[in-house]
Amino acid sequence: MEALSVECPVCNEPLLLEGEVLDRLDEGSLLECEACGAVVEVALLEPLTLRVVQAAGGFFVDCPRCETPIEVEGEGPLTCPECGFTFKPDWGDFEEEEL
């Protein structure tokens, strides 16, 4: 498979994904931007859609209702600034060794 370039959702720099990386890519795969160090998760394969997990030392989760990225600044429930939905992030999907 050929290489693919996608834009980092944090710094807008290109993320070059080589063929061997693309072959192993699944929804939920984590990638790191070499330019800014952000950790992004593959949300969808077709079209390739990335979601911010960690940027500039902070962690991000998407609002389950409207999918707005929200920076997590501690434990406890979060309230989405866009739609007002309050929820507690599920960190079970993210293990320390993945990051």
Side-chain angles (χ1 to χ4, degrees):
M1 185 176 276
E2 293 182 26
L4 175 68
S5 181
V6 294
E7 190 175 277
C8 173
V10 175
C11 69
N12 300 320
E13 290 294 320
L15 291 169
L16 182 61
L17 305 176
E18 299 292 338
E20 60 271 5
V21 172
L22 289 172
D23 289 341
R24 295 188 322 258
L25 213 55
D26 290 315
E27 289 182 7
S29 294
L30 298 177
L31 304 168
E32 185 174 351
C33 175
E34 291 181 17
C36 70
V39 176
V40 294
E41 175 187 22
V42 176
L44 291 172
L45 289 173
E46 289 292 326
L48 185 58
T49 306
L50 303 176
R51 171 183 323 156
V52 179
V53 175
Q54 179 183 12
F59 285 92
F60 285 75
V61 296
D62 287 341
C63 171
R65 181 176 286 164
C66 70
E67 299 184 358
T68 298
I70 304 167
E71 185 171 9
V72 178
E73 298 177 351
E75 294 186 25
L78 299 173
T79 300
C80 176
E82 193 66 33
C83 71
F85 184 66
T86 299
F87 66 99
K88 185 172 180 180
D90 178 15
W91 294 109
D93 294 338
F94 302 101
E95 298 177 16
E96 284 188 35
E97 53 270 10
E98 289 184 74
L99 301 174

Determine the minimum heavy-atom distance between [X] and [Y], stating which atoms define it.
X: Leu22; Y: Leu17; result: CD1-O, 3.7 Å
X: Thr68; Y: Cys66; result: OG1-SG, 3.0 Å
X: Cys33; Y: Leu15; result: CA-CD2, 3.3 Å

With sequence neighbours excluded, tell me which residues meet side-chain contact (heavy atoms from CB on, under 4.5 Å) with [X].
X: Pro14; value: Ser5
X: Glu27; value: Leu44, Leu45
X: Glu67; value: none
X: Glu13; value: Cys11, Ala35

What residues, two or more places apart in sequence or in another chain, satisfy salt bridge (Lys or Arg N to Asp or Glu O under 4.0 Å) together with Arg51? Glu41, Asp62
Hey, could you give me the CG/CD distance between Leu16 and Glu18, rounded to the nearest 0.5 Å? 4.5 Å
Among Leu50, Thr49, Val6, side-chain contact (heavy atoms from CB on, under 4.5 Å) partner for Val42: Leu50
Can you list, pair by pair, the side-chain donor-acceptor contacts under 3.5 Å of residues 78-86, counting residues two or more places apart and other chains?
| from | atom 1 | to | atom 2 | distance (Å) |
| --- | --- | --- | --- | --- |
| Thr79 | OG1 | Thr86 | OG1 | 3.0 |

Shared hydrophobic cluster for Leu31 and Leu48 (ILVMFWY, side-chain gaps under 4.5 Å): yes
